[in-house]
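Everything on this sheet refers to the single structure shown next.
For this chain, numbers begin at 1 and follow the sequence in order. Order of listing sets the numbers, starting from 1, for every ligand and every atom in it.
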Amino acid sequence: MTTISDRQSTPLITGPSGRAIAQPMEDSLISAFQDHLTFERNASAVYFAMAIWFSERELRGFSKFFSDESSSEQQHAAKFADYLIARGQTVELQEIPAPNQQWKSVEEIINYAFKMEAENTTSVQQLYSSAERSSDVRTTVFLDPIVDNQLTSENEFAYLLGRVKFAENNSSALLIIDGELYEGKNSPAKLS
Ligand SMILES: [Fe+2]
C-alpha cells in the first residue's frame, strides 16, 4: 500500500502540455485515440457534404438530418479531445480529406452513411479491446456509453436505409420520408 512518504517522494508524471497524469496511457492506445478522433471529424465533414447535397435538391428533411449528424460527429470528436486532455495527453489534429460530393441517388448516400457508422463502431470496439489489454479501466468506462450510442446510430441508419429502399427512388415516397426527417422522426419501431 502507498504510504504518505511514498506519495511525497514519487515524482509527478506530466504529459506533453505539462498536465498531471494519474495513469499513463499506452502509446498505441494514444495513437488509436488520435486516429479515431480524426475518423469522427471526417464523418462530420462527410455528413456536412451530404447535408449540402440534399439542400441543393430541396430535400430539407434529409438535409436537416445530415446537418444534425454532422454536428453530433463534431461533438464526438470534441468528447475524444476532452478525454485525451483529461488524461494529460495532447490532441493532434490530422488532415481531413475533401468529402465526395458526387452522389447518384438518395439510396447511395444512406448506404454509404450506414457503412461509415458500422466502421465507426468497429473503430470504437478496437479502442475498447486495446484499453482492456492495457488494463486501462478509465478508458473502458469512458467508451461504454459511446459503444451504446453507436448501436443506436446503426439502428437508425438501418431504419432509414430500409425506408429509402422501400421508396425505390419514387419522388412522392422520398418526399414523405423527407417530411418525417424534417419533424425529427428517424427512430425505428420499438416493441418494448
Ligand atoms: Fe460519432
Next item on the list: May I ask you to check whether E73 brings an N, O or S atom to under 2.8 Å from the Fe ion (ligand 1)?
Entry: yes
Worksheet entry | H76 atom (N/O/S) at minimal separation from the Fe ion (ligand 1) |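 Atom name of the closest N, O or S in H76: ND1.
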- Any idea which N/O/S atom from E40 gets closest to the Fe ion (ligand 1)?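 Nearest N/O/S atom: OE1.
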Practice item. Determine, using ring centers only, whether F54 and F66 are less than 6.0 Å apart. Key: yes
- request: Using only heavy-atom distances, determine whether the side chains of T121 and Q150 contain a donor-acceptor pair under 3.5 Å.
  value: yes
(message) We want to know whether T38 and Q94 form a side-chain donor-acceptor pair, criterion being a heavy-atom distance below 3.5 angstrom.
(response) yes
Do the charged groups of E107 and K165 touch, with an N to O distance under 4.0 Å? yes
